[in-house]
Structures are given as structure tokens and as C-alpha cells.
Amino acid sequence: MRLFRLGTLFVVVLTGLVTFAQAQKPNTLVENDRVRVTRVDLSKGESLPDDNRYDAMTVRLKDGETALTESGQTEKMDSGPMQQSHYFVARSRRAVKNVGKETLPFVEVLFLRTPGKYVALDIPPSHYCNPESQKACVTERYLFCTDRFCAETVTMDPGAISTQHTHASDYMVIATSDFTWRNEPAGKPAADESFKTGDVKYIEAGGTHRLVNASGTTARLIMVQFK
């Protein structure tokens with residue numbers, strides 16, 4: 001009986017350890033020939049798993065404090081609001097570490113194709129509002145570009161309507177807030193799509209549409225447009 005109890009206790013402890021280990025593994029959200037996108041929750045003192053064979057982008061999904069190590073630099077502190085993002089070139093010395101008190105969720109994007117060449121941009125943010133309202137506006141701001149993709153932040157106030165546009169190449173949406181938008185494709189019925197913070201959606205090229213923030217709150221996202 002004693003051996004049975006010890007064996008049962010061992011199984012329970014082992015099961016707990018396996019569950020804990022699995023909780024620390026990255027959760028793959030999207031994977032194809034272009035990107036591998038994972039969701040990682042970092043406890044205090046933990047660093048993002050990294051494969052520096054590839055260009056990478058990290059997005060923090062919660063306010064917090066991190067320590068960054070970038071190519072050619074020593075570790076530096078970085079604190080700020082959620083949606084904080086960083087871009088790292090392939091084969092660089094790099095690390096993102098949680099130095100705060102609370103667990104921090106991240107989305108990490110590895111760009112699997114041949115590393116691109118960084119392109120310096122000096123483009124002011126785009127800001128426009130619905131004709132009948134100066135409180136329903138869309139703001140777009142470029143973060144960084146290479147000769148293979150561009151990343152930008154997009155903010156849509158409640159009720160804001162984007163311009164009608166066409167995606168000539170694949171693109172990806174990383175939600176940094178909870179929101180619902182109404183997708184209005186040209187010549188097709190509109191459809192509502194809901195996102196939670198950390199959701200990632202990869203969309204293939206083609207189609208013309210406009211978007212309406214159908215939420216009662218501001219929609220925040222990062223858009224990655226491939227070339």
C-alpha cells in the first residue's frame with residue numbers, strides 16, 4: 001500500500017512537471033514558408049526563445065518591463081505600454097528578457113525566408129477621420145521595413161472607417177487589443193471578425209475591401225505587409 005501511494009504521488013508530481021514544462025513552450029499560431037509566429041508567456045527572469053538564423057520581430061502584449069540585448073549593444077532596460085515592438089536582424093546577438101514582477105505575454109515572428117535588407121523610412125504617420133466625425137479616426141504609423149516586408153501600427157477609433165484598399169501581396173494582422181471589425185469586400189457581403197489580444201491572422205493576397213471598427217472600444221493592431 002505504501003509503495004502504491006508513493007507511486008501515485010510520483011505520477012502526480014511528474015504530471016505537474018510535464019504540464020508546467022508544456023506551459024512554458026511557445027504556442028505556434030501561424031507557420032508557413034514565410035513566417036513562424038508563436039505566442040510566449042514569460043515569467044520574471046525568463047527570456048524569449050530565439051533562433052537567430054532569421055530576422056525576428058517581437059511584440060509585447062501587456063505593459064511591463066523588459067531588458068533588451070541588441071546587436072553590438074549591452075543589455076538595456078525597456079519599459080512602456082503594450083504593443084511595444086522590436087525588430088532584430090538575422091545572426092545578431094539579441095535577447096528579450098522579462099525583468100518585471102508579472103508574467104508578460106509576447107508574440108514573436110520569425111521571417112523564414114532569406115534575410116531582407118533594412119530600409120530606412122522617414123514617413124510621417126497617416127491620420128484621417130470619417131467625414132462626419134473627428135472622433136472616428138484611423139492612424140497608421142510605420143515601425144520598420146525591409147526589402148521583404150513592412151510593419152506598421154494601426155489604430156481605429158470606434159466607428160472609424162478605413163479607406164478602400166487592395167492588398168497586392170500577403171499580409172498579417174497581430175491584434176494588440178480586443179476588437180471586432182466589419183470587413184466590407186468590394187462586391188461581396190460584409191462580415192464581422194472578432195479578435196482577442198494576441199490573435200494573429202495571415203491573409204493571402206488579393207481582394208479589395210475597407211474595414212469598419214464595429215467595437216465600442218479602440219482597435220489596435222500591427223499590420224505586416226509582405227512584398
Side-chain angles (χ1 to χ4, degrees), residues 28-39 54-61 82-90 92 106-129 137-157 160-188 190-215 218-227:
T28 301
L29 304 177
V30 174
E31 186 166 9
N32 56 37
D33 65 334
R34 285 186 183 272
V35 294
R36 182 185 304 126
V37 185
T38 55
R39 164 74 180 262
Y54 306 109
D55 289 358
M57 180 177 73
T58 63
V59 180
R60 190 173 68 220
L61 301 174
M82 60 189 293
Q83 198 173 329
Q84 194 85 354
S85 60
H86 294 278
Y87 171 67
F88 302 98
V89 298
S92 64
F106 286 82
V107 165
E108 182 175 44
V109 182
L110 292 181
F111 297 93
L112 302 181
R113 295 189 176 181
T114 304
K117 181 180 178 181
Y118 182 79
V119 179
L121 288 177
D122 186 18
I123 301 175
S126 168
H127 180 80
Y128 56 90
C129 303
C137 305
V138 178
T139 302
E140 302 174 30
R141 179 175 64 87
Y142 278 101
L143 295 170
F144 33 75
C145 280
T146 74
D147 54 5
R148 295 192 178 277
F149 75 92
C150 279
E152 63 176 332
T153 60
V154 180
T155 301
M156 300 181 69
D157 296 325
I161 303 172
S162 76
T163 57
Q164 184 167 282
H165 56 280
T166 300
H167 292 277
S169 58
D170 294 2
Y171 65 103
M172 187 167 63
V173 173
I174 302 173
T176 55
S177 73
D178 298 351
F179 64 88
T180 297
W181 68 21
R182 183 167 299 111
N183 185 3
E184 299 182 346
K188 297 180 181 179
D192 286 355
E193 299 175 282
S194 294
F195 292 81
K196 294 291 186 182
T197 301
D199 284 351
V200 178
K201 185 174 183 179
Y202 188 96
I203 303 113
E204 294 184 354
T208 299
H209 68 162
R210 72 174 189 174
L211 300 167
V212 181
N213 181 2
S215 312
T218 301
R220 303 181 189 278
L221 59 128
I222 291 178
M223 183 83 70
V224 179
Q225 183 72 50
F226 296 96
K227 299 180 181 180

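- Between the side chain of S215 and the main chain of T180, a donor-acceptor pair closer than 3.5 Å is present.
- In this structure, Y54 has its ring center at least 6.0 angstrom away from the ring center of F111.
- Smallest separation of non-hydrogen atoms from D157 and T218: OD1-OG1, 4.0 Å.
- Nearest heavy-atom pair, R39 versus G198, reported as atom, atom and distance to 0.1 Å: NH1-CA, 4.1 Å.
- Checking side-chain atoms of Q164 against main-chain N and O of T208 turns up no donor-acceptor pair under 3.5 Å.
- The side-chain heavy atoms of V173 and F195, taken from C-beta on, include a pair separated by under 4.5 Å.
- For L110 against A56, the heavy-atom pair with the smallest separation is CD2-CB, 3.7 Å.
- Here the closest heavy-atom approach between residue D170 and residue R34 is recorded as OD2-NE, 3.7 Å.
- In this structure the side chain of I222 reaches within 4.5 angstrom of the side chain of L143, judged on heavy atoms.
- Within the 3.5 Å criterion, the main-chain N or O of R220 finds a donor-acceptor partner in the side chain of T176.
- Rounded to the nearest 0.5 angstrom, L29 CG and E108 CD are separated by 11.5 Å.
- Taking 4.5 Å as the limit, every side-chain heavy atom of V109 sits out of range of all side-chain heavy atoms of F149.
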Determine, stepwise, if the pair F144 / H86 fulfils side-chain contact (heavy atoms from CB on, under 4.5 Å).
CA-CA 9 Å; F144 33 75; H86 294 278; over 6 Å; no
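- The NZ atom of K196 sits 14.0 Å away from atom CG of L61, with the distance rounded to the nearest 0.5 Å.
- Remark: R182 CZ to I161 CD1 distance equals 9.5 Å, nearest 0.5 Å.
- For the atom pair OG (S126) and CZ (R141), the distance works out to 13.0 Å, reported to the nearest 0.5 Å.
- Between D33 and R113, the shortest heavy-atom contact is OD2-NH2, 2.7 Å.
- Annotation for Y142: atom OH does not count as buried by contact number, only 12 or fewer foreign heavy atoms lying within 6.0 Å.
- Note on ring orientation: taking the six-membered ring where Trp is involved, the planes of Y118 and Y87 are parallel (angle under 30°, cut-offs 30° and 60°).
- Using bins of under 30°, 30° to 60° and over 60° for the plane-to-plane angle, the ring pair H167/H165 lands in the perpendicular bin.
- Closest of all the heavy-atom pairs between L112 and N32 is CD1-O, 3.4 Å.
- A donor-acceptor contact shorter than 3.5 Å is absent between the side chain of N213 and the backbone of A160.
- Considering OG of S177 and CG of D199, their distance stands at 10.5 Å, rounded to 0.5 Å.
- Proximity of a side-chain donor or acceptor of S162 to a complementary backbone N or O of L211 within less than 3.5 Å is detected.
- Put simply, NZ on K227 and OG1 on T146 are 6.0 Å apart, with the number rounded to the nearest 0.5 Å.
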